Amino acid sequence: MTAPRPLDQSSKLKNVLYEIRGAALAEATRLESAGHTILKLNTGNPAIFGFEAPYQIVRDMLRAVPTAHGYTDARGIVEARRAIVSRYENVPGFPRFDVDDVYLGNGVSELITMTTQALLDEGDEVLIPAPDYPLWTAMTSLSGGTPVHYLADEDNGWQPDLEDIRSKVTPRTKAIVVINPNNPTGAVYSREVLEGIAQIARENSLLILSDEIYDRILYDDAVHTSMAQVAPDLLCLTFNGLSKTYRVAGYRAGWLVITGPHDHAAGFLEGIQLLASTRLSPNAPGQHAVLAALTGSQSIDALIAPSGRLHQQRDISWEGLNSIPGVSCVKPEGALYAFPRLDPEVHEIHDDKKLIYDLLKAEHILLVEGTGFNWATPDHLRVVNLPEPRVLSEAIERLGNFLASYRQ
Ligand code: PLP
């Protein structure tokens, strides 16, 4: 018998980075099987931190399940798409669109993948923030495109640096990704900055891809503005879903809304329809969850109010991180994370992946390194602010103790 031919992964995966579920998670799982308890702060998965699914969503979805066993329209059931149209009719200045401009997906993740696959040819460039939610960079690469990172400015509350964006546009730039509110920084972008991005897109004929999955997770006086609101004259794809605001990430329910002029982009939009059709339909129970969520109460409001759990945890995380010598953290105005900086003068870290490993081994806490979010230097970490206050403050205290003696 001949020896089996070695099977390597496709070279297309060479630049696909997803450290959120990377090697450190494998080590955490190994430690768990050896009987250790690991505090996993690597994913924004509300369910595992005691956030329950809103009852109305569960009930309505369960009622639909007995008749939700068939494929649906590739774009999703029309009732859920209609509910999405109504959701945005209540956002002042959001451009009008029709049910045919809405695609439901198995989470925003699937819709991101479909979009980059439908859009990019070899060498096409996409402007993506650094730090970013790394799926955007990964899927741009996997689709043959070239991710080009523009800077978010930590000294300016992690707002995107317009000059840097402008300097990185080339004749091959096809699209710009905006993640607002931002994962991992928690920044909520100002209207002026969004208008600046829209102007760059206008001048250079860029498609706007706006990931707004945290648009209703805002703290204090933060106000969210959609890219589509400041760019009604441009083709804009807005991504959102149930994973965060409704804490039902496992239902895999997301949507994509297309606004602005379409005629010049008929080919690309047909590509999206083609890819939606090739995967037949999004999961049907999840679509009923969308319908229930958007026609029900906005249960996130109580959690983000000053007395609410998410607001309190944001404060605990931000204050705790800033109290660690040599660590500073911009106050997150939205989303579920903090992205603290380790001052290289105090914490000389050359390899932040190793730092994550060593922290995991010593303290049984799993974080994700800043370079996992396409941040260029090994001087940041991402903390998930989801554990309940007592657990979160203890975790940050242990991080501080660990850093006090840690050297590389
Ligand atoms: N976009 C951002 C910015 C995220 O943070 C996440 C998940 O953490 C996603 C998209 C993926 O969301 P979904 O669960 O809808 O696939």
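Quick caveat: nothing in here was measured; it's all calculated off a predicted structure. Whatever order the structure lists ligands and atoms in, that order sets their numbers, starting from 1.
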Would you tabulate the side-chain donor-acceptor contacts of residues 255-269 under 3.5 Å, counting partners in other chains and residues two or more places apart, or write 'none'?
from	atom 1	to	atom 2	distance (Å)
Trp255	NE1	Tyr88	OH	3.1
Thr259	OG1	Cys236	O	3.4
His262	ND1	Gly260	O	2.7
His262	NE2	Asp101	OD1	3.0

Could you pull out all donor-acceptor pairs under 3.5 Å where a side-chain atom in residues 326-346 meets a protein atom, sequence neighbours excluded?
from	atom 1	to	atom 2	distance (Å)
Tyr337	OH	Tyr214	OH	2.5
Asp343	OD1	Glu345	N	2.9

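The contact shell of ligand 1, taken as protein residues with any non-hydrogen atom closer than 4.0 angstrom, comprises Gly107, Val108, Ser109, Tyr133, Ile179, Asn183, Asp211, Ile213, Tyr214, Ser243, Lys244, Arg252, Tyr337.
Between Phe51 and Arg247 the shortest heavy-atom distance is CB-CG, 3.8 Å.
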His380/Glu154 under side-chain hydrogen bond (donor to acceptor under 3.5 Å, both in side chains): CA gap, chis, key distance, verdict: CA-CA 11 Å; His380 283 74; Glu154 187 167 20; 3.0 Å; yes
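Judged as a salt bridge (charged side-chain N to carboxylate O under 4.0 Å, His left out), and not counting sequence neighbours, the contacts of Arg30 are Glu27.
The aromatic ring centres of Trp136 and Phe373 sit 6.0 Å or more apart.
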